[in-house]
Amino acid sequence: MKTLSRRAFMAAALALTLNLLPLNIAAAHETDCPYCKQPVTQDTPTQDNEVVLKYGRKRIEYKCVYCALAEAKTEYANGDISIAAPSEKKGEPVIVKRTGGNWSATPSTAVFVAQTPIKHRSCQVTARAFRTKGAADSYIKANNLKSQPISLSQLVSLAK
Amino acid sequence: MVAGGSALAQSAPVPEAPWPALPPNLPSWLDNKKTNHLFRKRGDYNYDVYKIPALARDLNAVTVGHALAYEDLVTGKESRLETQTYNRINTVLKNPPKFMPDEALISPTFGRKYGVLEQVFDWTHILHDQTIDVLANTRMSNALKDAEIEKLWRFYSESVPYAITSLPMNMDMLDSQPYSKAFRKKYPKTNGLFWGYHWLQGAMYDGLYSLTPAQQKASYEVMGRRYHATELYKTDRSFMPMFSELSPRFALRFPHIANAFDNLHMLHDMVNDILATDGMSEAEKERQIKRAIWLVSAQAHQGEKPGENNSGEHDHRHLDGMPGMGMMPRSDSGTMWMDGMGWMRTAECHHCSMPLAKGENAWRSPQVWAAGTTMRVRCALCARDMSAETKGEAILRIPLESTDKTLVIFADDMGQLTTLDKDVVFIEEPASHVKCHEWSKAFSNRAAFEAWAKDKPEYKDAKLISFDEWKELYGDKPDTYEKPEAPAGMSAPEKEGEE
């Protein structure tokens, strides 16, 4: 009984720890994006690039937030998902969630950039998440993108 | 004209150079016109594949598919191959026959015209069938099964001259004949089916090897789903599925058999290409098919050894850690291109880049069957986390404390893990992946761990965790991971399936 209780406690503790872990745990192996088939751009010491979609226990890497959202709407249309999309701050991704069919982003100030039409050879540059509109404006200017910051719902509509 | 081509089909290029000449002094059996009936070695395991009915029926359907296509190719009906015949084959694949049909009744013209070829095919198909029957047998121990498979190999290689060589062949060389790739370009959907059959015939071995009957049946439920939903209909493979990529454990234990099966499948491709080539006369087709049989025959390579690097058709090098696979179109001795996975180093864990177990310990490497391929990894953690990072259903096969015990874990689309083996226990005390094979292990049960650890003081205080605890864990990104680079002078396909 004592062993069982300890096991139950350990399982609960593990589950809790897992849920509290940051969502930007990237896959170990470098891989191609399941959506656009281009190599996933790896994180650098100063900038995160790897987008991770979490579906149940699956943690699938994508090249950009657009790619991950497009698959979330098709391959993972049912059930809850989370997407950790790298932001302007290393180690502080924007967390996009679909819970019970409702989309949300954390932080609530998050905006997105998606220069259309999406060119997937460089989608890690042209489709990104930002924690603030100001950061997105600066990024658009710095990278000479022909785009404006958009909301999560606009990005969800765009991705397919 | 055998292969006139349909209006819709892409024409195969007509090579400018003369067709390769037949080697001199070929053995007389290559001209045999008699209808020899070959039959199985006696054994009470024969037809035990029917203990896994879904697999048995799918294999029966493969026979129909091959035969229908060949008959079209030699009776001037090739223009319907991608349409009516494809649909007929697909109907059979979706409604597989309960019993094995007689191929000779489905493709009588092909059998009459290319009798020796049919016997070469049949002879290796019998080896396929009987090795699977042995693996599906529910009475023999794993050791007895291994011994019987070796007996089947001797029976195969010594009874008639139709045996395919057991040496690794250079697949790039075999696929670089003047007629190569004609069939896949002209009939991509039908070629996709053929390669789907080869996928099944390769993948099923590790889905059975060293597993219990219950594990085998449960495994085929998952593998059969993948076969029917995806593998049969893929038209973007850059090469035919290779045995060692699909069943690495069986291929390590029986590399000679793995090589023979790959060489047989390559012969299928070469014959398909010859029959689909425009501008080749009937007589030339017969000559080229005879030459193709000779190239992969055991007799043509007598006295040669695996690993030897003679040139051309006598290049028998194999990839590091994979004696059951010859050199590939995109490979050097230790790195190769895998569709969907990119560049892979063949002797290293696909998850942490550390060396895989070798030699007599090679069986200890777990594997992850996912996304249509089987990736070898170094420890239980690597298997679990790799399955979580790969889309779709997965099967984890983790060897336990002895060669005859394998833990099988199933991952569903959401990565939720289940197993039939409820008593299994794990140790997992993460540190550097330099030693992950020591700190991440699985055992049948607590008693098995204690027996294993009794003379290993370093495991005295090891904490055992249950399956339910272990399945919720997720490790850090391995500190040892290194991305494999393309070998010098080689590049990835522009996109998958492109040559």
Side-chain angles (χ1 to χ4, degrees), chain A residues 3-43 48 50-62 67-68 71-72 74-82 120-121, chain B residues 236 338-344 349-353 368 370-371 375 377 381-382 384-394 411-417 428 433 446 463-485 492-497:
Chain A
T3 310
L4 275 177
S5 302
R6 201 182 300 142
R7 279 190 182 162
F9 173 76
M10 195 172 167
L14 285 168
L16 184 64
T17 307
L18 198 70
N19 281 330
L20 292 177
L21 282 173
L23 271 164
N24 59 342
I25 298 172
H29 56 288
E30 294 175 36
T31 185
D32 290 346
C33 174
Y35 179 73
C36 71
K37 312 296 182 197
Q38 301 290 323
V40 171
T41 308
Q42 298 297 296
D43 296 343
D48 289 337
E50 300 162 47
V51 178
V52 180
L53 181 150
K54 188 178 171 197
Y55 177 67
R57 282 194 73 260
K58 292 281 185 186
R59 290 150 191 261
I60 310 296
E61 276 197 5
Y62 292 85
C67 292
E71 284 228 328
T74 51
E75 300 271 319
Y76 306 106
N78 301 314
D80 298 344
I81 57 114
S82 300
H120 285 282
R121 283 194 191 280
Chain B
D236 61 353
M338 287 176 76
D339 287 343
M341 299 300 299
W343 295 103
M344 289 291 185
C349 172
H350 291 343
H351 185 255
C352 76
S353 304
V368 181
M375 295 160 279
V377 293
L381 176 150
C382 287
R384 182 194 62 215
D385 289 1
M386 186 124 197
S387 78
E389 293 160 8
T390 311
K391 274 179 74 172
E393 290 185 288
D412 66 13
D413 277 336
M414 294 182 75
Q416 306 299 344
L417 304 178
E428 183 168 315
H433 273 263
R446 179 176 285 271
K463 192 187 293 177
L464 290 185
I465 55 177
S466 68
F467 175 74
D468 285 342
E469 292 162 340
W470 179 84
K471 73 179 186 182
E472 298 299 337
L473 300 174
Y474 188 84
D476 290 337
K477 192 167 182 167
D479 55 329
T480 49
Y481 179 77
E482 287 176 33
K483 184 185 179 185
E485 298 293 337
E494 280 286 303
K495 62 175 190 178
E496 271 176 37

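Here is how names work: the chains are called A, B, and so on, in the same order as the sequence lines, proteins then strands, and each is numbered from 1.
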Q | NZ/NE/NH1/NH2 to OD/OE distance under 4.0 Å, Lys391(B) and Glu71(A) | A | yes
Q: Compare every heavy atom of Thr390(B) with every heavy atom of Ile60(A), then report the nearest pair and how far apart it is.
A: CD1-C, 3.6 Å
Q | Options Ala388(B), Pro484(B), Ala411(B), ranked by heavy-atom pairs under 4.5 Å with chain A, top entry | A | Ala388(B)
Q | Distance (rounded to the nearest 0.5 Å) between Asp80(A) CG and Met414(B) CE | A | 7.5 Å
Q: To the nearest 0.5 Å, tell me how far Asp413(B) CG sits from Glu75(A) CD.
A: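 Between atom CG of Asp413(B) and atom CD of Glu75(A) there are 9.0 Å.
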Q.
Go through it in stages, so that I can follow the logic: the residues are Arg57(A) and Leu417(B), the test is side-chain contact (heavy atoms from CB on, under 4.5 Å), and I'd like the CA-CA distance, side-chain angles, deciding distance and then a yes or no.
A. CA-CA 9 Å; Arg57(A) 282 194 73 260; Leu417(B) 304 178; 3.8 Å; yes
Q: Give a yes or no on whether the backbone of Gly392(B) and the side-chain of Lys58(A) come within a donor-acceptor separation of less than 3.5 Å.
A: yes
Q | Face-on cation placement of Arg59(A) at Tyr474(B) ring, 6.0 Å and 45° thresholds | A | yes
